[in-house]
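Data block below; observations after.
Note: hydrogens, waters and symmetry copies are ignored here, and every other heavy atom, side chains too, is used. Index from 1, following the sequence. Note that the coordinates shown come from a computational prediction; the quantities given were computed from them, not determined experimentally. Note that ligands are numbered from 1 as they come in the structure, with each ligand's atoms numbered from 1 the same way.
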Amino acid sequence: MYAAVTLFVFVCMTATAHAEHHQPCHSPNMTGSMAVITMKGEVKASGAFTYDSMGKRLRFRSNESHPLNSSMGLDLLMFFEEGIFYEIDSKNQSCEKKALQCTMHPLAIPDDARFLATLNVGNPSIEGEGLKVNVWTGSMSDMKGQYSMSVTMGCLPLSVLYFSEPTSFLISHSDIEIEIKDPDLLVVPTFCQGQPVEETPEGTVNSFLNSFM
Ligand SMILES: *[C@@H]1O[C@H](CO)[C@@H](O)[C@H](O)[C@H]1NC(C)=O
Ligand SMILES: *[C@@H]1O[C@H](CO)[C@@H](O)[C@H](O)[C@H]1NC(C)=O
Ligand SMILES: *[C@@H]1O[C@H](CO)[C@@H](O)[C@H](O)[C@H]1NC(C)=O
Ligand SMILES: *[C@@H]1O[C@H](CO)[C@@H](O)[C@H](O)[C@H]1NC(C)=O
């Protein structure tokens with residue numbers, strides 16, 4: 001969390017750093033923790049994610065018993081290739097199936113992202129004391145705004161800052177393992193199957209980030 005905030009300040013100061021020829025990397029399959037925090041300091045959600053990088057599928061389940069007042073109970077299963085997602089209520093065995101209007105999400109660097117800089121956080125030349133990260137930036141397609149994504153050299157996500165109206169977000173990742181520990185989490189639960197896609201009200205944009213607004 002502190003690292004991410006420090007990075008943000010640093011990125012703002014070095015926004016003119018120049019890129020050579022960099023292509024956005026693709027993250028591997030992953031399991032880990034993710035926190036969604038507003039720039040006002042509210043923890044919107046904190047929980048576990050599972051990500052299939054080839055199939056472009058993401059599951060995020062927030063921990064409702066996390067002792068933070070503003071946190072939301074959310075269970076999302078997103079299929080970015082198909083452009084649909086499910087909001088799952090496991091207790092209730094119910095779900096809502098919706099269309100995704102924007103497929104941007106914090107585990108993939110958009111193809112048109114611009115390389116900003118390579119940063120040394122701490123001191124990477126001392127074992128266990130530092131991390132070398134690449135920072136990517138770009139515009140958000142659905143909202144007026146910018147993002148800044150930091151990933152390790154192996155393309156593991158560290159944090160993402162979304163600067164947008166009406167709310168800016170910090171998404172922070174931790175405890176990443178490079179495997180899908182429970183593939184069943186990426187399968188549509190039986191009680192959600194055959195569900196019709198709900199109509200998206202005019203003016204609404206469904207996206208990963210919008211689920212937290
Ligand atoms: C990632 O996970 C998917 C789904 O389980 C699997 O089909 C794919 O082979 C995995 N990719 C790698 C590189 O392990
Ligand atoms: C949820 O948060 C509580 C309180 O911090 C913790 O005890 C519990 O292990 C967490 N559960 C999961 C599934 O992470
Ligand atoms: C949580 O938020 C509610 C309403 O916003 C407030 O009434 C309550 O006192 C808060 N609880 C804690 C523990 O902060
Ligand atoms: C179960 O779902 C219904 C309708 O979808 C909702 O009104 C109700 O609040 C839900 N109950 C719980 C315990 O989540």
Side-chain angles (χ1 to χ4, degrees), residues 4 21-36 45-64 73-91 93-115 118 124 131-136 138 141 147-160 162 169 171-198 206-212:
H21 293 285
H22 281 84
Q23 283 292 315
C25 57
H26 295 284
S27 301
N29 283 348
M30 296 182 289
T31 301
S33 300
M34 173 153 56
V36 180
S46 169
F49 74 85
T50 300
Y51 181 56
D52 172 1
S53 63
M54 282 241 271
K56 299 194 169 73
R57 296 180 291 170
L58 171 65
R59 182 75 176 264
F60 174 71
R61 294 195 295 172
S62 70
N63 182 350
E64 274 179 273
L74 259 188
D75 186 349
L76 301 170
L77 175 58
M78 299 196 146
F79 296 88
F80 298 106
E81 206 112 274
E82 292 84 353
I84 56 152
F85 73 108
Y86 295 84
E87 277 177 21
I88 301 168
D89 184 341
S90 309
K91 275 186 222 140
Q93 299 263 298
S94 68
C95 65
E96 293 178 56
K97 183 180 184 180
K98 296 178 182 174
L100 270 172
Q101 278 79 34
C102 166
T103 57
M104 184 177 275
H105 68 90
L107 295 172
I109 304 172
D111 287 337
D112 61 356
R114 209 159 39 81
F115 177 77
T118 299
L131 193 61
K132 200 171 166 183
V133 301
N134 279 332
V135 184
W136 293 87
S141 48
Y147 62 83
S148 167
M149 297 184 88
S150 309
V151 299
T152 64
M153 293 297 127
C155 213
L156 302 185
L158 202 62
S159 64
V160 190
Y162 290 107
F169 287 94
I171 301 195
S172 164
H173 307 287
S174 56
D175 301 321
I176 294 176
E177 293 180 63
I178 308 175
E179 62 173 330
I180 292 172
K181 293 181 85 172
D182 183 358
D184 288 346
L185 287 174
L186 295 170
V187 176
V188 179
T190 44
F191 57 83
C192 296
Q193 281 165 14
Q195 189 106 352
V197 180
E198 282 183 25
N206 293 326
S207 70
F208 181 83
L209 206 53
N210 276 295
S211 303
F212 300 91

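Only the side chain of R57 comes within contact range of ligand 1, with a heavy atom under 4.0 Å; no backbone atom does.
The side-chain contact (heavy atoms from CB on, under 4.5 Å) with N29 is formed by just one residue from the set T50, I178, I180; it is I180.
Protein heavy atoms are found inside the 4.0 Å sphere centred on atom 5 (O) of ligand 1. The presence of a protein heavy atom under 4.0 Å from atom 9 (O) of ligand 1 is ruled out.
Annotation: atom 14 (O) of ligand 1 to nearest protein heavy atom, N29 ND2, 3.4 Å.
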Using the rule given for salt bridge (Lys or Arg N to Asp or Glu O under 4.0 Å), can you reason through E198 versus K97, listing the C-alpha separation, both sets of side-chain angles and the distance that settles it, and then say yes or no?
CA-CA 6 Å; E198 282 183 25; K97 183 180 184 180; over 6 Å; no

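For the residue pair N63 / S46, no side-chain donor-acceptor distance below 3.5 Å is found, with atom types taken as modelled.
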What donor-acceptor contacts under 3.5 angstrom involve side-chain atoms of residues 75-82, with partners at least two apart or in another chain?
| unit_1 | atom_1 | unit_2 | atom_2 | d |
| --- | --- | --- | --- | --- |
| D75 | OD1 | R59 | NE | 2.7 |
| D75 | OD1 | R59 | NH2 | 3.3 |
| D75 | OD2 | R59 | NH2 | 3.0 |

